[in-house]
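Report on one structure; see the data block that follows.
Along the sequence shown, residues carry numbers from 1. Keep in mind it's a predicted model, so treat the numbers as computed, not measured.
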Amino acid sequence: MLALIASRVPNPAQEAADRDPGLLTLVFALVRAIRRESAGAVARHCELLSRSGGPIPL
């Protein structure tokens, strides 16, 4: 059945590059990872300062 449908389509569908959901997914995943890592780094920094007896920055 798929072969019959594909043989009747004159040209493959063309999609614009700006409508690619894969690009948006990649951007959002990168932003999420960067935010998660920066929050973890601040938490580790605060923990090290509190262990050493220094001032707690937050």
Notebook entry, point to check: Mind checking what makes side-chain contact (heavy atoms from CB on, under 4.5 Å) contact with R32, not counting sequence neighbours?
Noted result: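 By the side-chain contact (heavy atoms from CB on, under 4.5 Å) rule, R32 matches F28, R36.
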Next item on the list: Mind checking side-chain hydrogen bond (donor to acceptor under 3.5 Å, both in side chains) for R51 and listing every partner two or more places apart, or none if nothing turns up?
Entry: E47
Note to self: Can you give me the closest heavy-atom contact between E37 and R44, atom names plus distance?
What the structure shows: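 Shortest heavy-atom contact: O-NH2, 4.4 Å.
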